[in-house]
Amino acid sequence: MSVKNPHITMYDLAKACGVSQSTVSRALRNPGKISPATCSKIEKAASELGYVYNYAASSLTVKKTKILGVMHTLRIYLEFGQTISLICRMAAENGYEVVFELTDGSLEWEERAFLRLRQLKVSGVICFDASFNLQDALRREQEKGTPCLMLWQTPAHAGVNFLGADMHKVSHLATNQLLKLGHKRIAFLIAGAFDLAMVRTRWQGYLDALSEAGIAPDEALSHSLLMTPSNSKEPLLQRARLVMDNMLALSEPPTAVVVANSLIGACLLNALKDLRLRVPEDISIMCLHNDLLASTLIPNLSSIDHNIGYTHHELELFLQHIFDGKPVTKPGNATPLTLIMRDSCAPPQM
């Protein structure tokens, strides 16, 4: 993703690709109507030349933009919903609109989403998850004057603004607590591919805690519930049951499990109940993220509280600087973590 060159026009891009300007316009505005090979050629040339399509300006020539409106009521007891609501509310109060781009963990979608935001000449970018390549692009965009912020994921690049919990520390704290209770066979369950930056960061915290305790990691105990041998369309509960069946069949099954969130924890509780295993007597569960569900499940899940109130306070300050046209200073350190021990953890039975 190169720096924009204001002297490069659509005519220059079309000439470089050997196509018409209308083909370039369609490829950048509506790629579904152009062959993938041509789109790829044009996108590559645009990146190399530093050309950024002005999507907002092109929309002035038509009565309606090719933007689909989707409305949804985000329940305030969901942490993600609370954060999105805060962003939307503050934007509306300051006369701004919010454009959402979903990447679904795809590197291709991620690159296109970021390109589209640049085309729209957004006043700032807030990213909930990002590959290492996108983090680098965010850093460069930030250096050019566009405020960028990563939420909930510790960036690999120190130059990127960040708010949220240090995910490495979260996993390390959770795993270390189970080690203190006497567990040595600790499994790790997450709901994303291990090549994703956020997942890798959490996983590394788990691995480092084991290593510091002198325990060699066992690949058979680390699973992504979205990357199991089963059909990915199966409900999460069935995938959790399959993973537990496989791990319990090991010669040395786990005595404790670290789960990424309370939804996986709930599915695991149901799977263990079907297997007639008790929590925490037969197996302990530690959740990496505390929320309402974690505190209301039976048994309640021991969790790590990320102090969302602190994050939201700092996020409000970050957003207000953008809306007021003031320089955005780097937000403070990662949020303080609190270990909450509940009913789902106990020493392993001897």
Side-chain angles (χ1 to χ4, degrees), residues 1-14 16-17 21 23-34 36 38-62 65-69 84 87-88 91 94-151 153 155-157 159-162 197 318-319 321-323 325 327-328 330:
M1 301 176 185
S2 62
V3 177
K4 179 183 178 182
N5 185 341
H7 302 296
I8 297 296
T9 66
M10 185 179 293
Y11 171 79
D12 298 322
L13 181 57
C17 296
Q21 292 187 63
T23 298
V24 170
S25 178
R26 287 197 298 273
L28 296 177
R29 181 181 176 83
N30 195 357
K33 293 187 177 182
I34 302 295
T38 300
C39 282
S40 178
K41 180 180 180 181
I42 292 172
E43 288 179 1
K44 182 180 179 181
S47 178
E48 292 174 349
L49 295 173
Y51 176 79
V52 177
Y53 182 59
N54 191 338
Y55 190 93
S58 68
S59 297
L60 298 176
T61 62
V62 295
T65 64
K66 291 191 175 179
I67 299 176
L68 180 66
I84 294 297
I87 294 171
C88 291
N94 288 273
Y96 280 69
E97 293 188 14
V98 178
V99 175
F100 291 95
E101 290 287 342
L102 302 180
T103 65
D104 200 29
S106 165
L107 297 181
E108 181 181 359
W109 284 23
E110 181 183 74
E111 185 171 346
R112 289 190 176 185
F114 187 62
L115 175 61
R116 172 171 156 74
L117 293 179
R118 292 175 64 209
Q119 291 171 345
L120 290 172
K121 300 184 182 300
V122 294
S123 298
V125 178
I126 297 176
C127 190
F128 284 86
D129 191 9
S131 68
F132 296 118
N133 287 340
L134 181 57
Q135 290 181 38
D136 194 44
L138 288 171
R139 177 184 57 78
R140 295 198 302 271
E141 194 70 15
Q142 192 170 280
E143 290 173 350
K144 290 186 292 179
T146 302
C148 297
L149 175 68
M150 287 184 60
L151 287 174
Q153 177 191 346
H157 298 287
V160 180
N161 290 330
F162 163 70
F318 180 87
L319 291 172
H321 273 73
I322 293 177
F323 301 145
V328 174
K330 187 176 179 63

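Here, residue 1 is the first one in the sequence, and each next residue gets the next number.
- Using a 4.5 Å cut-off on side-chain heavy atoms (C-beta onward), Leu138 and Phe114 make contact.
- Taking all atoms of both residues into account, the shortest heavy-atom contact from Leu49 to Ala16 is CD1-CB, 4.1 Å.
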Verify side-chain contact (heavy atoms from CB on, under 4.5 Å) between Ile42 and Thr23, making sure each step is shown before the conclusion. CA-CA 9 Å; Ile42 292 172; Thr23 298; 4.3 Å; yes
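- Counting heavy atoms from C-beta outward, Phe128 and Ile84 have side chains that approach closer than 4.5 Å.
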Take Glu110 and Leu107 through the side-chain contact (heavy atoms from CB on, under 4.5 Å) test and state the conclusion after the steps. CA-CA 5 Å; Glu110 181 183 74; Leu107 297 181; 4.0 Å; yes
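- Between Pro147 and His321 the shortest side-chain heavy-atom distance does not fall below 4.5 Å.
- Between Val160 and Gln135, the shortest heavy-atom distance links the atoms CG2-O, 3.4 Å.
- Judged as a salt bridge (charged side-chain N to carboxylate O under 4.0 Å, His left out), and not counting sequence neighbours, Glu97 has no contacts.
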Yes or no on side-chain contact (heavy atoms from CB on, under 4.5 Å) for Leu319 and Ile126, after CA distance, side-chain angles and deciding distance? CA-CA 10 Å; Leu319 291 172; Ile126 297 176; 3.7 Å; yes
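- Between Asn94 atom CG and Ser123 atom OG the span is 11.0 Å, to the nearest 0.5 Å.
- One finds the NZ atom of Lys144 at 4.5 Å from the CZ atom of Arg118 (value rounded to the nearest 0.5 Å).
- Looking at every heavy atom in both residues, Ile322 comes nearest to Gly124 through CD1-CA, 4.4 Å.
- Shown here for Met150 and Ala130, the closest heavy-atom pair between the two residues is CE-CB, 4.2 Å.
- When atom types are taken as modelled, the side chain of Asp136 and the backbone of Asn133 share no donor-acceptor pair closer than 3.5 angstrom.
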Please lay out, stage by stage, how Val99 and Val122 fare under the test side-chain contact (heavy atoms from CB on, under 4.5 Å). CA-CA 9 Å; Val99 175; Val122 294; 5.6 Å; no
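- Atom-to-atom distance recorded for Arg112:CZ and Leu115:CG is 9.5 Å, nearest 0.5 angstrom.
- The CZ atom of Arg116 sits 5.0 Å away from atom CD of Glu101, with the distance rounded to the nearest 0.5 Å.
- Applying the side chain to side chain donor-acceptor pair (under 3.5 Å) criterion to Glu143, with sequence neighbours excluded, gives Arg139.
- Among all heavy-atom pairs drawn from Cys148 and Gln142, the shortest one is O-OE1, 2.9 Å.
- Judged by distance alone, the side chain of Gln21 and the main-chain N or O of Ala14 form no donor-acceptor pair under 3.5 Å.
- Going from atom CZ of Phe318 over to atom CD1 of Ile87 covers 10.0 Å, rounded to the nearest 0.5 Å.
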